[in-house]
Amino acid sequence: MLDIFGPRKSLCCNGSSRRDFLKVGALGMTGLSLPDLLRAQAAMGKSGSKAPDKTVIWLFLSGGPTHYETFDPKPDNPLPYRSTVGTLQTNVPGTHIGGLFPRLAKLADKYSIIRSFAHTAADHTAATHWLSTGHDHPPAGNGAAPISPSIGSMLSKYRGANHPTTGMPTYVALDHLYAEGPAWLGAAHSPFDAKGNAQANMAPRIALDRVQDRQSLRQTLDRLERKADQSGMMVAMDEFEGRAVELVRGNAREAFDLSREDPKLRERYGKGEKKLGENLLLARRLAEANTGLVTVWYGGWDSHGTNPSVNHGTIEEEMRKLAPEFDHAVSVFIEDLYDRGLDEKVMLAIVGEFGRSPHINKDGGREHWPQLGNQVLVGGGLKMGQIVGESTVKGDVPKSNPISPNDLLATLFQTMGMPLDLQYTTQAGRPTRMLETGQPIAELF
């Protein structure tokens, strides 16, 4: 296995944190190696279902992004019921977004905004569990483990853990997100980019400061290839070990190798502090190689106001930190997606666990607000340039067409060719629907 790891970073007001990992060749906490996974898949009768080779890139804006300052700015309102960072008219008549997204304002015909997303979970982890799995799990707010499979694991179970032609993993995680994983679906459906104390099986650990441009990743895979050939190891391997190494030697190496991109395109994506552009470029490459779902993290949106102990400022100050890299990286991704004709095959889902409060507190921040939030969808063959739903004048609750986490996931199900009544049997022998409620957002189809 190849681990790429970096420093811990603060995530949210509850003290949770994440580490950057990129692991090739193993399935992490489960200790299940890629050869083991391929054997298990064959033993199950190659039960992966036929489905469109569509990819969802799940860009998680961790912390709860403010809807006022991003995609529902309410320009005609007085403060605090409008954006503190101004507004911009987009290239779609009548549609305004936050004033710090000048590039995205020129691309609004290529994405659709959901302005009526709402639920009842005000805690970060509980809301993330609901958003990722379609199941409300309040104990998550007190540190309880996830109890339901995430959308990526559901897709892995439905399609099969690896693509039948390219061998690429169906589910890849570029960053650690709470609630992603198989729960009771089984270890074979963990994200390929695993977390925790995984069993090494192919290559040594490499510190993040040695792989700034993925050069060390490429060199490590090259050494693996030379050793495999020189030792005659390939001859002795059984079918599944051979397929596993071929995956790492071939598709995985090419998909993860950003040096194969035009240097000018890599420069366009940028190398921001949180590496959002680089991660989105990598996610696009994985999508081209037929990975089914890729998770990407871009955190820091938990804007409660000035707090010197964690280097937080007012909602306006925090937006000025986050917006430039987000606006640039996402805009370049959208342009690249459409330039390559991938807008039918690939969906970018820009999601957060909830919105922020209509009031501004004494510290200049906005509080958690599950009663209303925004989500943005790009591509996937859906109808773009739309506003789905409407918020009230003050922006505190939906005025029309409330969209739940389950409705959002049902939209992804339909996009990826998964039946809404999909069910699997738990370890206790109970048939369980993956989504108990929820309907695809009709306006997008």
Side-chain angles (χ1 to χ4, degrees), residues 1-5 18-44 46-49 55-58 60 125 128-129 131-135 137 140 144-163 167-203 205 240 243-244 247-248 251-252 255-256 283 286 289-297 409 412 416 418 422 424-427 432 434:
M1 179 187 64
L2 174 70
D3 290 0
I4 297 176
F5 55 95
R18 45 89 67 183
R19 294 189 69 176
D20 293 2
F21 287 90
L22 176 60
K23 302 184 178 182
V24 179
L27 296 172
M29 293 176 67
T30 67
L32 188 68
S33 70
L34 182 54
D36 293 335
L37 182 149
L38 295 172
R39 290 189 188 95
Q41 191 173 332
M44 289 187 292
K46 299 181 180 179
S47 59
S49 301
T55 300
V56 168
I57 297 171
W58 181 267
F60 185 59
T125 48
T128 300
H129 189 283
L131 178 65
S132 301
T133 71
H135 292 268
H137 181 42
I147 60 170
S148 304
S150 67
I151 177 68
S153 293
M154 297 178 206
L155 181 65
S156 174
K157 178 71 171 179
Y158 181 69
R159 289 189 181 176
N162 288 76
H163 190 273
M168 289 296 290
T170 295
Y171 179 20
V172 172
L174 300 187
D175 297 276
H176 173 73
L177 307 181
Y178 173 79
E180 68 175 351
W184 49 265
L185 272 185
H189 304 292
S190 299
F192 185 72
D193 175 17
K195 320 298 184 295
N197 298 318
Q199 298 295 319
N201 72 339
M202 285 191 177
R205 293 163 67 93
F240 301 103
R243 283 174 59 196
L247 171 60
V248 177
N251 292 319
F256 283 95
L286 293 172
N290 289 320
T291 290
L293 189 138
V294 184
T295 58
V296 179
W297 176 93
L409 292 177
L412 269 60
M416 295 187 291
M418 302 165 68
L422 182 67
Y424 294 109
T425 302
T426 67
Q427 293 170 337
T432 301
M434 296 296 93

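Note that the structure is predicted; figures quoted are calculated from it, not measured. For reference, positions follow the sequence shown, starting with 1.
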Exercise. Locate the shortest heavy-atom distance separating Tyr424 from Trp184; write the atom from each residue and the value.
Key: O-CH2, 3.9 Å

Self-check item: Under 3.5 Å donor-acceptor, His129 side chain and His135 backbone
Solution: yes

Practice problem: Using distance alone, with no hydrogens and no angle criterion, decide if Tyr171 and Ser150 have a side-chain donor and acceptor under 3.5 Å apart. | Solution: yes

Quiz prompt | Non-neighbouring partners of Leu155 that pass side-chain contact (heavy atoms from CB on, under 4.5 Å), sequence neighbours left out | solution = Arg159, Thr170, Leu293, Met416, Met418

Practice problem: Take Asp175 and Thr295 through the side-chain contact (heavy atoms from CB on, under 4.5 Å) test and state the conclusion after the steps. | Solution: CA-CA 7 Å; Asp175 297 276; Thr295 58; 5.8 Å; no

Practice problem: Indicate the atoms forming the closest heavy-atom contact of Gly181 with Pro191, along with that distance. | Solution: CA-CD, 4.1 Å

Quiz prompt | 4.5 Å side-chain heavy-atom contact, Leu174 and Trp297 | solution = no

Practice problem: Please identify each residue that fulfils side-chain contact (heavy atoms from CB on, under 4.5 Å) with Ala144, with sequence neighbours left out. | Solution: His137, Pro139

Quiz prompt | Chi angles and distances behind the side-chain contact (heavy atoms from CB on, under 4.5 Å) call for Trp58, Leu131 | solution = CA-CA 11 Å; Trp58 181 267; Leu131 178 65; 3.7 Å; yes

Quiz item: Can you check whether Pro182 reaches Ser190 side chain to side chain, under 4.5 Å on heavy atoms?
Solution: yes

Quiz prompt | Nearest heavy atoms of Ala283 and Ile57, plus distance in Å | solution = CB-CD1, 3.7 Å

Self-check item: Donor-acceptor contact below 3.5 Å, side chain Thr291 vs main chain Pro169
Solution: yes

Self-check item: Closest contact, heavy atoms only, Pro149 versus Met434
Solution: CG-SD, 4.4 Å

Exercise. Evaluate the side-chain proximity of Leu286 to Met168: yes if any heavy-atom separation is below 4.5 Å, no if none is.
Key: yes

Exercise. Measure the shortest side-chain to side-chain distance between Ile151 and Thr133 over non-hydrogen atoms and say whether it is less than 4.5 angstrom.
Key: no

Exercise. Rounded to the nearest 0.5 Å, what's the gap from NE2 on His189 to OH on Tyr158? Could you check?
Key: 14.0 Å

Quiz prompt | Any donor-acceptor pair under 3.5 Å from Ser156 side chain to Gly152 backbone | solution = no

Quiz item: Looking only at atom types and distance, does a side-chain atom of Thr125 sit under 3.5 Å from a main-chain N or O of Ala140, one as donor and one as acceptor?
Solution: yes

